[in-house]
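Notes follow the structure.
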Amino acid sequence: MIRLYNTLTRKKEELQTLEPGIVKMYVCGPTVYNDAHVGHAMSALVFDIIRRYLEYRGYRVRHVMNYTDVDDKIIQRANQMGIDPFALAQKYIEDFNQNLEDLNILPATSKPQVSKTMPQIIAFVQGLIERGYAYPTPSGDVYFRVTKDDDYGKLSGRKLEEMQAGARIEVGEEKQHPMDFALWKAAKPGEPAWDSPWGKGRPGWHIECSAMNLAELGEQIDIHGGGNDLIFPHHENEIAQTESYTGKPFARYWMHNGMLQLGGEKMSKSLGNIISIKEFLSKRDADVMRMLVLNGSYRAPLVFNEETLDAAEKGLERLKSALRPAINKSADSTADAVVALPAAIQTVETAFTEAMDDDFNTAGALGALFDFVRAINTARDAGATESQLRPAQDTLRKLTGVLGLRLTEKRGAGDADKFIELLLEVRTEARKQKLWALSDMIRDRLKELGVIVEDSREGSTWRYS
RNA sequence: GGCGACGUGGCCAAGUGGUAAGGCAAGGCUCUGCAAAAGCCUGAUACAUGGGUUCGAAUCCCAUCGUCGCCUCCA
């Protein structure tokens with residue numbers, strides 16, 4: 001039984017899908033006008049991990065992630081650069097897809113774009129007007145009428161009366177209520193625009209997700225996800241639109257990831273304290289970012305700095321250490337630590353699942369995995385053979401794989417391997433002759449070249465650092 | 001000002017009523033020519049502070065302090 005925290009009820013609830021065995025999940029994607037940053041990576045990783053785990057538990061996941069490719073900022077930036085806004089958006093969509101692939105994030109089963117969903121959006125707005133939930137203005141805008149929606153504010157825990165004080169109305173707006181928000185904006189000169197019953201214009205921010213959800217997944221979905229900075233107003237407004245339109249509850253579970261913290265505050269485009277995914281990946285392995293996310297709780301802020309990244313990287317090394325080959329090449333061992341391995345497999349499977357079932361407690365799951373790593377390493381040291389180690393290592397690979405970790409050893413150019421082997425042979429000979437200075441030099445120089453040499457009683461081993 | 005989340009050892013962090021997982025860092029040890037790796041051991045007189053409920057609380061309630069998010073575009 002999987003339990004997950006629902007922002008709407010502020011409680012953990014048992015996962016009950018609309019259709020047995022199928023999870024319909026919609027996650028808000030980025031507005032594509034510049035390089036995606038590691039905060040986007042966190043969000044994408046969180047929902048990738050959730051998806052992978054749901055699939056591991058036997059669900060088929062219909063995973064939709066949208067691209068907002070029609071937006072003020074895109075238009076603004078494109079105008080500055082003197083290029084077509086659609087071309088700009090397309091470039092960043094492709095970049096983001098590449099980022100996701102580099103981060104080992106499974107591609108969403110569907111990736112709709114606003115610019116390709118225009119008829120559905122217009123129909124949606126039209127439907128809201130017909131039902132009395134929206135109204136056009138003389139200048140060609142269309143607003144959602146919040147006073148008509150009696151439970152407006154239920155997701156973010158706000159009441160209309162309380163919000164009015166701080167609300168601001170721009171000069172020239174024709175809202176009937178300060179909190180009314182735009183479903184459709186009349187076109188300004190030089191902007192991309194689409195024909196509509198209200199004249200040329202383009203959609204407001206929130207309506208696109210409602211329309212794409214409806215088009216891709218239907219009137220009701222299981223999980224709606226995104227960063228917790230989207231709770232208000234974006235998701236609040238989405239609920240208002242969709243439920244007013246369909247008359248049915250929209251998403252069963254609202255899931256929100258916490259914000260990535262850089263230097264004590266949220267990383268965001270508007271604050272300008274950004275590290276792009278590309279920049280991150282030029283310095284660290286993709287698994288490091290994932291490990292950082294796994295070590296924490298997806299709902300809590302994530303501390304992102306050199307220290308936590310180093311810790312994540314070392315933790316990764318530790319997981320990998322269990323996958324190193326057996327030392328004992330002869331007969332099977334009967335040492336206690338080796339005999340205990342099958343039981344450890346059972347233990348880790350159970351502990352892993354229990355943790356993950358409880359609102360995707362990845363930190364707890366990692367704890368179980370690290371215990372298992374110790375069991376494997378102890379067994380190896382105690383003399384387990386390859387065949388004795390393999391089932392446990394397979395289990396570790398399987399479970400870390402569920403979390404989306406690759407645990408790949410770094411590879412150099414393949415043809416270097418035999419020369420490294422040759423150097424090690426020479427070094428082994430040098431060691432036999434107690435030529436310590438020479439053998440240390442070989443080891444040091446190889447280390448500088450990214451090859452780690454380790455000696456043991458059974459001989460020397462090497463791997464890329 | 002309003003709404004919400006959170007405050008656990010040097011750092012990251014699990015645990016939401018029964019007596020503190022795990023990782024990183026640190027110190028000691030085993031192994032070892034040295035180094036590294038792996039393994040073992042050591043560490044929170046009690047989980048922001050002050051009250052309260054309870055046989056019993058990090059875990060529930062209240063207050064205080066602090067941090068963060070949202071209230072405007074934002075994953």
Side-chain angles (χ1 to χ4, degrees), chain A residues 7 10 12 27-31 33 36-47 65 68 71-73 153 156-159 161-168 170 179 205 225-234 236 256-261 264-271 291-292 294-297 299-305 307-319 321-322 324 327 337 351 355 358 361-371 373-374 376-382 431 434-437 439-440 443-444 447 452-457 460-461 463:
Chain A
T7 306
R10 310 209 179 272
K12 284 184 193 172
V27 181
C28 287
T31 301
Y33 67 96
H37 58 71
V38 287
H40 296 108
M42 175 194 181
S43 189
L45 282 165
V46 162
F47 289 99
M65 188 198 69
T68 300
D71 169 88
D72 288 349
K73 295 221 170 97
S156 55
R158 290 154 210 253
K159 292 188 171 49
E161 312 84 69
E162 291 166 353
M163 285 189 282
Q164 287 193 54
R168 45 173 108 157
E170 303 288 330
M179 294 309 294
W205 178 32
N228 69 14
D229 55 346
L230 296 181
I231 294 173
F232 189 90
H234 186 54
E236 193 70 73
H256 294 97
N257 64 276
M259 294 293 101
L260 186 143
Q261 300 294 124
E265 57 186 0
K266 152 179 139 167
M267 177 180 296
S268 78
K269 292 177 185 176
S270 27
L271 288 172
M291 191 68 178
L292 188 72
L294 290 169
N295 183 54
S297 156
R299 287 193 276 135
L302 182 68
V303 182
F304 180 98
N305 58 39
E307 196 176 3
T308 58
L309 286 171
D310 284 344
E313 200 162 80
K314 296 308 254 320
L316 221 43
E317 275 311 306
R318 183 157 175 72
L319 288 177
S321 76
R324 292 176 195 159
I327 300 166
D358 181 15
N361 181 355
T362 52
L366 270 188
L369 253 26
F370 281 119
D371 286 340
V373 164
R374 178 176 301 112
I376 293 174
N377 285 338
T378 304
R380 184 195 300 100
D381 283 355
R431 292 183 70 219
K434 299 194 189 304
L435 299 171
W436 306 128
S439 48
D440 288 353
R443 186 174 60 197
D444 292 345
K447 187 174 182 187
I452 294 171
V453 176
E454 287 167 1
D455 300 325
S456 74
R457 186 175 291 179
S460 305
T461 59
R463 60 194 151 85

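Chain A is the first sequence line, chain B the second, and so forth, proteins listed ahead of strands; every chain is numbered from 1.
- For A:Asp229 against B:C70, no side-chain N or O and base N or O form a donor-acceptor pair under 3.5 Å.
- Atom CE of A:Met179 is separated from atom C1' of B:C70 by 12 Å (rounded to the nearest Å).
- Taking only distance into account, the side chain of A:Asn228 never meets the base of B:G4 through a donor-acceptor pair shorter than 3.5 Å.
- Using a 4.0 Å heavy-atom distance criterion, A:Gly29 is classed as a sugar-phosphate-only contact.
- Side-chain contact between A:Arg443 and A:Asp455: present, with at least one pair of heavy atoms (C-beta onward) separated by less than 4.5 Å.
- Taking only side-chain atoms of A:Asn257, from C-beta outward, the nucleotide of B:C24, B:A75, B:G33 with the closest atom is B:A75.
- Contact of the A:Glu236 side chain with the A:Met179 side chain is not registered, since no non-hydrogen atoms from C-beta on lie closer than 4.5 Å.
- B:U32 and B:G15 are spaced 40 Å apart, taking the C1' atom of each and rounding to whole Å.
- Between the CG atom of A:Leu435 and the P atom of B:A35 there is a distance of 19 Å, rounded to whole Å.
- Heavy atoms only, all atoms of each residue included: A:Ala322 and A:Asn377 are closest at CA-OD1, 3.4 Å.
- Counting any heavy atom pair closer than 4.0 Å across all strands shown, A:Asn305 reaches no nucleic acid atom.
- Across the protein-nucleic acid pair, A:Leu309 atom CG and B:C11 atom P stand 17 Å apart, rounded to whole Å.
- Out of B:A75, B:C24, B:A37, the shortest distance to the side chain of A:Arg324 is found at B:A37.
- Rounding to whole angstrom units, CZ of residue A:Arg443 and P of B:G33 are separated by 12 Å.
- At a threshold of 4.5 Å between non-hydrogen side-chain atoms, the residues A:Ile376 and A:Val373 do not count as touching.
- The side chain of A:Asp440 lies closest to B:G33, out of B:A75, B:A13, B:G33.
- B:G7 sits 15 Å from B:G17 when the P atoms are compared, rounded to a whole Å.
- The distance from atom OH of A:Tyr33 to atom CG of A:Asp72, rounded to the nearest 0.5 Å, is 11.0 Å.
- By the 4.5 Å heavy-atom criterion applied to side chains, A:Ile327 and A:Arg457 are not counted as neighbours.
- At B:A25, one or more side-chain N or O atoms of A:Lys314 fall inside 4.0 Å of OP1 or OP2 (strictly under the cut-off).
- Between the CG atom of A:Asp381 and the P atom of B:C29 there is a distance of 19 Å, rounded to whole Å.
- Computed from coordinates, the A:His234 NE2 to B:C73 P distance equals 11 Å when rounded to whole Å.
- When side chains are defined from C-beta on, A:Arg463 counts as touching A:Glu454, because their heavy atoms get closer than 4.5 Å.
- Picking from B:A5, B:A37, B:A75 the nucleotide with the shortest atom distance to the side chain of A:Arg463 gives B:A37.
- At a cut-off of 3.5 angstrom, counting only N and O atoms as typed in the model, there is no donor on one side facing an acceptor on the other between the side-chain of A:Asn361 and the base of B:G15.
- Among the heavy atoms of the strands lying under 4.0 Å from A:Ser297 are primed sugar atoms or P, OP1, OP2 only; no base atom is included.
- To the nearest angstrom, P of B:A13 lies 10 Å from CD of A:Gln261.
- Across B:U54 and B:C61, the matching C1' atoms stand 12 Å from one another, rounded to whole Å.
- A donor N or O paired with an acceptor N or O is found under 3.5 Å between the base of B:C34 and the side-chain atoms of A:Asp455.
- Across all non-hydrogen atoms, the minimal contact from A:Ser460 to A:Val453 is CB-CG1, 4.4 Å.
- Comparing B:A46 with B:C34, their C1' atoms sit 44 Å apart, to the nearest whole Å.
- Here the separation of B:A58 from B:A44, taken at their C1' atoms, is 12 Å to the nearest Å.
- The same atom, P, is picked in B:C6 and in B:C62; the two are 14 Å apart, to the nearest Å.
- Backbone-only engagement by A:Leu230 is indicated by non-hydrogen atom pairs under 4.0 Å involving sugar-phosphate atoms exclusively.
- When each of A:Gly367 and A:Thr308 is assigned the nucleotide of RNA chain B bearing its nearest heavy atom, the one mapping closer to the 5' terminus is A:Thr308.
- Nearest heavy-atom pair, A:Gly315 versus A:Met291, reported as atom, atom and distance to 0.1 Å: C-CE, 3.9 Å.
- OP1 or OP2 of B:G23 lies within a sub-4.0 Å distance of a side-chain N or O belonging to A:Arg374.
- Taking the P atoms as reference points, B:G4 lies 25 Å from B:A75, given to the whole Å.
- For B:G23, the base is not stacked against the aromatic ring of A:Phe370, per a cut-off of 5.5 Å between centres and 30° between planes.
- As a whole-Å value, the separation of A:Met291 CE from B:A13 P is 14 Å.
- With a 3.5 Å ceiling on both atom-pair distances, B:A75 lacks any Watson-Crick or G-U wobble partner.
- Note on A:Asn377: a side-chain N or O is less than 4.0 Å away from OP1 or OP2 of B:G39.
- The pairing partner recorded for B:U59 is none, the criterion being a Watson-Crick or G-U wobble arrangement whose two distances lie under 3.5 angstrom.
- Base contact: A:Glu454 has a heavy atom under 4.0 Å from a base atom.
- Across the P atoms, B:A25 and B:A63 are found 42 Å apart, a figure rounded to whole Å.
- Checking B:C29 for Watson-Crick or G-U wobble geometry (two distances, each under 3.5 Å) identifies B:G39 as its partner.
- With hydrogens and angles ignored, no donor-acceptor pair under 3.5 angstrom links the side chain of A:Arg158 to the base of B:G4.
- Residues A:Phe232 and A:Phe47 both approach RNA chain B. Their nearest nucleotides, taken by heavy-atom distance, put A:Phe232 toward the 5′ side.
- Residue A:Arg318 has a polar side-chain atom (N or O) positioned under 4.0 Å from OP1 or OP2 of B:G39.
- Between B:C24, B:G39, B:A75, one nucleotide has an atom nearer to the side chain of A:Leu260 than all others, and that is B:A75.
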